[in-house]
Engineer: 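Structure provided below as C-alpha cells; questions to follow.
Predicted model only: the values in this text are computed from it and were never measured.
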Amino acid sequence: MPSSRRALLGAAATLLLTGCSSDVLGLRRAVRVAVSWSGEELRAFHKVLHGLGALSYPVEVVPLGDDISTAFDAPAARRPDVVMLPQPGLVREHWRDLAPMPDDLAPLGQVRLWRNLLVQQGQTYGVPFKTAHKSAVWYRPSVFRQVGVQPPQHWSDWLALNRTLTQAGVTPLALGAGDGWVLTDFLENILLGIAPSVYVGLATAAHPRPSQQPQFGAALRLLGTMWSAPGALAGGVKESLVQQFPDALVEVFGHRRAAMVLASDFAEPVVRSFAADPDDIGLFTFPPMSAGAPAPVVVGGDVMVLAAPISDNSRDLVRRLAAPAAVDPWIAEGGFLVDRRTSGYSPELTRLAEQLTMPGGQLQFDLSDLLGALGGINGLWRVLTDFLIAVGGRGTDAVPDAVVAAMSAMRKVETS
C-alpha cells in the first residue's frame, strides 16, 4: 500500500546523484531510479548504490514519495528507467509500460507470493528488492515484567493483556493512524487469521467486494473490540489520528507513554534510535485468532521493475541490485528484509525472516496493496479512519453500529 512514511517529495525535489560530475552535467545519460523512500531509508539505499562499486554510467535517484506510480506518466525524456514499486500490485496495472526482466533474473519474480503479482502473460515484469513483515508488534519488555504479563499466544490473550495493562495504569497501544496502512495492517491480520479463504478470494477477485463478505464484518467487530477499550490508545483517538507511524514508535520507546505498537520490520531503525533503554526492546508477532489456528503473516515489499524502452545500463543496474550481497549495507543499517534470506539480521529481524520462510505458515500478500484504489486513501484507509473515530475509547457498545456504518461506507466505495 502507499505509505505516507515516505514523505511526498515530488519529482522536482531533491535529485541525489552518484557518479562523476561530468556525467551529472549530461555528457552521458544517467540511469534514473524512482523510489518512494525518504530520510534514513533513502540514505540506506544510497549506501547500497555506493556498495556496487564503480559503474560505467551515472545513477540518478528520484524520490517520488507516495506519488511513485506517476513515474510511468512522466514524459519519455524524464521517465525513470528503474522503478522501486512499494505496491507490487501495480505491476498488473502497468505491465504494458514495463520491459520484461532479463531471463537470468526472471526466476526471482516467480516464487510463491510474488508470482501472481509479477508475472503477466508468461513474462516476469519485476523482482523483489525489499520484503516487509507486516505482522510485527514491538513492545517494552520492562513494562510486561512490571505488570507480570507475557506476549499473547492468542487474540483473546492480547485483549486480556491490554486490560491488565490498563488496570495497572499503563496505556497498551500507540497507533499511527495518520498512516492509513497502519489501520489496514491491523484489519488484514485479523481477517487473514479468521478467514484465510475469504482473504485470498478478495485478493484475487477481479472486482473485490469486501462489504459482501460477512467475515469482513466479523474482522471489523474484533478490531473494534480492541480499539474501543477505554484507555487502550495513547493520546486517545485525537492523537492517534494525527500520529504517523514513527511518532507512534516514539510514544512507546521514547516517551514511554504506551507499551506496544504494531509496526513492520522497517520500524527497527526508528525503534533503536529513540529507545530510552536499548536493552528494553521486544518483539512478538500477530497471534493466532484462536487455539490451533495458524498465526497470520501479512507480507509486503518493494519490487524492481524496468520501464520500457530498456537500456543496457538499466538492465545492468537491476542485475547488480538483485545480487544477494548488494543489499548488505542496508541490512547492516537495520529494518531491511530480503525474500528467503534468514541470516545477517538482528535477533528480532531474524525471527521475522524465519517466520517468512517457515513451511506451512499462513502467509499472504498485503490485501490493501492488491485492492487498487479500493484499498487506498479514499477507500479502505478512509473507512477504517472513520471506524476508529466511531469506536475509539467508546466501549464495546459502540462497535455494532460502527461496523454497520463501515460496511455501508465500503459498499459506496466499491460502487463509486
Engineer: Within a strict 4.5 Å, meaning less than it, do heavy atoms of the V270 and F253 side chains meet?
Structural biologist: no
Engineer: Answer yes or no: does atom CG of D73 have more than 12 heavy-atom neighbours from other residues, nucleotides or ligands under 6.0 Å?
Structural biologist: yes
Engineer: Which heavy atom in V327 sits nearest to a heavy atom in V48, and how many Å separate them?
Structural biologist: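 Taking every non-hydrogen atom into account, CA-CG2, 4.2 Å.
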Engineer: Check side-chain hydrogen bond (donor to acceptor under 3.5 Å, both in side chains) between R351 and all other residues, then give those that pass, not counting sequence neighbours.
Structural biologist: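 Checked R351 against side-chain hydrogen bond (donor to acceptor under 3.5 Å, both in side chains); zero matches.
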Engineer: Run through N378, D386, T385 and flag the one making a side-chain hydrogen bond (donor to acceptor under 3.5 Å, both in side chains) with R382.
Structural biologist: N378
Engineer: Run W381 and L183 through side-chain contact (heavy atoms from CB on, under 4.5 Å) and show every step you take.
Structural biologist: CA-CA 7 Å; W381 289 23; L183 307 183; over 6 Å; no
Engineer: Name all pairs fulfilling the salt bridge (Lys or Arg N to Asp or Glu O under 4.0 Å) condition that reach into residues 239-264, sequence neighbours left out, sorted by first residue then second.
Structural biologist: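 Output for this query lists E251-R257.
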Engineer: With side-chain contact (heavy atoms from CB on, under 4.5 Å) as the criterion, how do M226 and L173 come out once you've worked through the C-alpha distance, each side chain's angles and the decisive distance to 0.1 Å?
Structural biologist: CA-CA 10 Å; M226 177 174 283; L173 294 167; 3.7 Å; yes
Engineer: Taking the side chain as everything from C-beta on, heavy atoms only, tell me whether L283 gets closer than 4.5 Å to L352.
Structural biologist: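 A side-chain contact under 4.5 Å exists here.
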Engineer: Considering all heavy atoms of both residues, which atom of S36 and which atom of I68 are nearest to each other, and what is their separation?
Structural biologist: N-CD1, 3.8 Å
Engineer: Find the distance between CZ (F216) and CE (M410) and round it off to the nearest 0.5 Å.
Structural biologist: 5.0 Å
Engineer: Please find the pair of heavy atoms, one from F144 and one from A259, that lie closest to each other, and give the distance.
Structural biologist: CE1-CB, 4.3 Å
Engineer: Please report the shortest heavy-atom distance between P288 and P296, naming the atom on each side.
Structural biologist: CA-CD, 4.2 Å
Engineer: Just to verify, what does T164 make a side chain to side chain contact (heavy atoms under 4.5 Å, CB included) with, not counting sequence neighbours?
Structural biologist: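 By the side chain to side chain contact (heavy atoms under 4.5 Å, CB included) rule, T164 matches V147, V149.
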Engineer: Hey, does Q362 have a side-chain heavy atom less than 4.5 Å from the side chain of V297?
Structural biologist: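 The answer is no, as the side chains (C-beta and beyond) never meet within the 4.5 Å cut-off.
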Engineer: Compare every heavy atom of L363 with every heavy atom of L356, then report the nearest pair and how far apart it is.
Structural biologist: O-CD2, 3.3 Å
Engineer: When you measure from the side chain of S346 to the backbone N and O of L349, does any donor-acceptor pair fall under 3.5 Å?
Structural biologist: yes
Engineer: Would you compute the distance between atom CD1 of I389 and atom NZ of K238 and round it to the nearest 0.5 angstrom?
Structural biologist: 12.5 Å
Engineer: Going by heavy atoms in the side chains, are L374 and P208 under 4.5 Å from each other?
Structural biologist: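 Side-chain contact under 4.5 Å: yes.
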Engineer: How far does OG1 of T70 sit from CG of L64, to the nearest 0.5 angstrom?
Structural biologist: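 The OG1 atom of T70 sits 5.0 Å away from the CG atom of L64.
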Engineer: State the CD-CD1 distance between Q215 and I194, to the nearest 0.5 angstrom.
Structural biologist: 7.0 Å
Engineer: When you measure from the side chain of Y57 to the backbone N and O of D312, does any donor-acceptor pair fall under 3.5 Å?
Structural biologist: no
Engineer: What's the separation between atom CZ in F286 and atom CZ in F186, rounded to the nearest 0.5 Å?
Structural biologist: 6.0 Å
Engineer: For a 4.5 angstrom cut-off between non-hydrogen side-chain atoms, does L49 reach L321?
Structural biologist: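 The answer is yes, as the side chains (C-beta and beyond) meet within the 4.5 Å cut-off.
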Engineer: Would you say the side-chain atoms of W138 pair up with the backbone N or O of L249, donor to acceptor, closer than 3.5 Å?
Structural biologist: no
Engineer: For H46 and H50, take the angle between the two ring planes, folded into 0 to 90°, and tell me which bin it lands in: parallel under 30, tilted 30 to 60, perpendicular over 60.
Structural biologist: tilted
Engineer: Per the side-chain hydrogen bond (donor to acceptor under 3.5 Å, both in side chains) rule, which among T285, D185, N189 passes with S135?
Structural biologist: N189
Engineer: Under 4.0 Å between a Lys/Arg side-chain N and an Asp/Glu carboxylate O for D316 and R320?
Structural biologist: yes
Engineer: Enumerate the salt bridge (Lys or Arg N to Asp or Glu O under 4.0 Å) contacts for residues 326-335, please, sequence neighbours excluded, ordered by first and then second residue.
Structural biologist: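 Sorted result for residues 326-335: K47-E333, D328-R341.
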Engineer: How far apart are the C-alpha atoms of Y199 and L367, what are their side-chain angles, what is the distance that settles it, and do they pass the side-chain contact (heavy atoms from CB on, under 4.5 Å) test?
Structural biologist: CA-CA 7 Å; Y199 187 105; L367 178 61; 3.5 Å; yes
Engineer: Could you tell me if the side chain of L306 sits less than 4.5 Å from the side chain of V82, heavy atoms only?
Structural biologist: yes
Engineer: What ring pair (Phe, Tyr, Trp, His ring centres under 6.0 Å) pairs are there with at least one residue in residues 344-370, not counting sequence neighbours?
Structural biologist: W114-F365
Engineer: Quick one: salt bridge (Lys or Arg N to Asp or Glu O under 4.0 Å) pairs with a partner in residues 259-284, sequence neighbours left out?
Structural biologist: E268-R272, R272-E348
Engineer: Got a sec, which pairs hit ring pair (Phe, Tyr, Trp, His ring centres under 6.0 Å) with one end in residues 299-340, sequence neighbours left out?
Structural biologist: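 Counting only pairs at least two positions apart or across chains, the ring pair (Phe, Tyr, Trp, His ring centres under 6.0 Å) contacts touching residues 299-340 are W37-W330, F129-F336, W330-F336.
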Engineer: Any donor-acceptor pair under 3.5 Å linking the side chain of Q364 with the backbone of V200?
Structural biologist: no
Engineer: State whether the side chain of Q243 and the backbone N or O of L175 hold a donor-acceptor pair below 3.5 Å, judged by distance alone.
Structural biologist: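 Yes, because the side chain of Q243 sits within donor-acceptor range (under 3.5 Å) of the backbone of L175.
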Engineer: If you count every heavy atom of other residues, nucleotides or ligands that lies below 6.0 Å from Q153 atom CD, does the total exceed 12?
Structural biologist: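 Result for CD/Q153: open.
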Engineer: Can you check side-chain contact (heavy atoms from CB on, under 4.5 Å) on V127 and L118, steps first, answer last?
Structural biologist: CA-CA 7 Å; V127 295; L118 305 181; 5.6 Å; no
Engineer: Step through the shown structure and confirm whether more than 12 heavy atoms of other residues, nucleotides or ligands are within 6.0 Å of CD on Q110.
Structural biologist: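 For Q110, atom CD is crowded (more than 12 foreign heavy atoms under 6.0 Å).
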Engineer: Enumerate the residue pairs fulfilling side-chain hydrogen bond (donor to acceptor under 3.5 Å, both in side chains) with a member in residues 218-231, sequence neighbours excluded, ordered by first and then second residue.
Structural biologist: none
Engineer: Of all residues at least two apart in sequence or in a different chain, which pass the side-chain hydrogen bond (donor to acceptor under 3.5 Å, both in side chains) check with D81?
Structural biologist: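 In terms of side-chain hydrogen bond (donor to acceptor under 3.5 Å, both in side chains), with neighbours along the sequence ignored, D81 is linked to R29.
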Engineer: Mind checking side-chain hydrogen bond (donor to acceptor under 3.5 Å, both in side chains) for S314 and listing every partner two or more places apart, or none if nothing turns up?
Structural biologist: S311
Engineer: If you define the side chain from C-beta out and look only at heavy atoms, does anything of Y125 sit under 4.5 Å from V303?
Structural biologist: no
Engineer: What residues, two or more places apart in sequence or in another chain, satisfy side chain to side chain contact (heavy atoms under 4.5 Å, CB included) together with S290?
Structural biologist: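 S290: side chain to side chain contact (heavy atoms under 4.5 Å, CB included) contacts with A293.
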Engineer: Apply the side-chain contact (heavy atoms from CB on, under 4.5 Å) test between M260 and each candidate in V252, T171, L161; give the one that qualifies.
Structural biologist: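 Looking at V252, T171, L161, the match for M260 under the side-chain contact (heavy atoms from CB on, under 4.5 Å) is L161.
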Engineer: Out of curiosity, M304 CE to K130 NZ, how far, rounded to the nearest 0.5 Å?
Structural biologist: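 If we round to the nearest 0.5 Å, M304:CE and K130:NZ are 13.5 Å apart.
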Engineer: Once side-chain hydrogen bond (donor to acceptor under 3.5 Å, both in side chains) is applied, do any residues pair with Q120, and if so which ones, sequence neighbours excluded?
Structural biologist: none
Engineer: Looking at side-chain heavy atoms only, is the closest gap between L117 and L113 below 4.5 Å?
Structural biologist: no
Engineer: Can you see which heavy atom on P107 is nearest to which on V111, and at what distance?
Structural biologist: O-CG1, 3.8 Å
